[in-house]
Amino acid sequence: MRIDKLIANSTSWGRKEIKQLIKKGMVSCNGKIVSDAGFHVDETSDEITLSGERIVYSKYVYLMLNKPDGYISATFDKHYRVVTELVPSQYAHYEPFPVGRLDIDTHGLLLLTNDGDLAHRLLSPKSHVPKTYFVRSSSPVTASDIHTFAQGIDLGDFTTMPAKLVPLESDTNESLVTICEGKFHQVKRMFEAIDNEVIYLKRISMGNLTLDESLPEGECRPLTDEELQNLIGE
Ligand code: URA
């Protein structure tokens with residue numbers, strides 16, 4: 001890989017600035033100053049430094065987004081704003097995409113990455129990765145609803161797998177729902193099936209990745225090493 005590309009992929013410097021840094025002799029490979037921006041390096045073994053600081057190359061980016069209302073889970077759309085517009089510019093070159101979909105009006109945890117294998121593993125119907133949502137519904141959740149969710153609900157086109165419904169003690173119009181599938185409008189349809197209506201929906205976890213409640217809505221941050229290791233080991 002070209003050294004300027006590696007630096008561009010691993011730092012927030014732009015290509016033009018990187019050329020300048022190279023011209024100024026601030027970049028080295030295995031201890032030798034590099035003067036050519038097109039110099040080829042082995043990103044897995046060469047030690048690249050910029051102003052004496054080692055550059056750690058990473059092929060993938062893993063971002064946690066606290067999705068707000070009004071964005072669709074796509075990378076491009078003619079009519080609607082898309083979640084990738086919320087990705088800070090320093091990560092844009094990775095071209096991350098959303099792992100799965102949240103409805104336009106659903107809030108909360110959305111993982112964005114360019115790691116197709118991980119996305120595939122998390123989304124595969126065979127993986128049954130649990131997803132937990134906070135739900136505010138128009139009517140209170142009852143003991144019978146809990147039972148219905150646990151049994152699985154026939155939604156016409158498919159029967160849901162057993163789901164966990166836990167009303168919050170403070171307010172039974174609020175509950176936590178855990179499903180191990182990810183069918184279109186699934187939580188909303190499950191509430192419809194018990195003659196209730198979802199009026200606010202927020203995903204709070206996916207597998208062992210939990211939404212960082214200190215992350216403001218509309219913002220993204222890279223996963224910590226621990227979050228990533230837990231997720232990859234999923
Ligand atoms: N279930 C829904 O109904 N909508 C979502 O966005 C996610 C799960």
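Indexing begins at 1, ligand by ligand and atom by atom, following the structure's order. Position 1 is the first residue of the sequence, and the numbers go up from there. Bear in mind the structure is a predicted one, so any value in this text is a computation, not a measurement.
When only non-hydrogen protein atoms are considered, atom 1 (N) of ligand 1 lies nearest to Val187 N, 3.1 Å.
Those atoms of ligand 1 that come under 4.0 Å of a heavy atom in Leu201, given as number and element, are 1 (N), 2 (C), 3 (O), 4 (N), 5 (C). Near Thr106, the atoms of ligand 1 lying under 4.0 angstrom from a non-hydrogen atom of the residue are 4 (N), 5 (C), 6 (O). The Tyr133 neighbourhood of ligand 1 comprises atoms 7 (C), 8 (C), with distances under 4.0 Å to a heavy atom of that residue.
The CD1 atom of Ile204 sits 12.0 Å away from atom CG of Leu209, with the distance rounded to the nearest 0.5 Å.
By the 3.5 Å distance cut-off applied to N or O atoms, Lys183 is not counted among the residues near ligand 1.
Residues Asp212 and Ser214 have side chains that bring a donor and an acceptor to within less than 3.5 angstrom of each other.
In this structure, Lys202 fails the cation-pi test against Tyr133, since its NZ or CZ atom is not both closer than 6.0 Å to the six-membered ring centre and inside 45 degrees of the ring normal.
Not a single donor-acceptor pair under 3.5 Å links the side chain of Asp46 to the backbone N or O of Ile48. Not a single donor-acceptor pair under 3.5 Å links the side chain of Tyr62 to the backbone N or O of Asn114.
In this structure, Tyr200 and His107 have tilted ring planes: the angle between them lies in the 30° to 60° band.
When heavy-atom distances to ligand 1 are checked against a 4.0 Å cut-off, Ile179 has no atom that comes that close, whether in backbone or side chain. When non-hydrogen atoms are compared, ligand 1 lies under 4.0 Å from the backbone of Asp103 as well as from its side chain.
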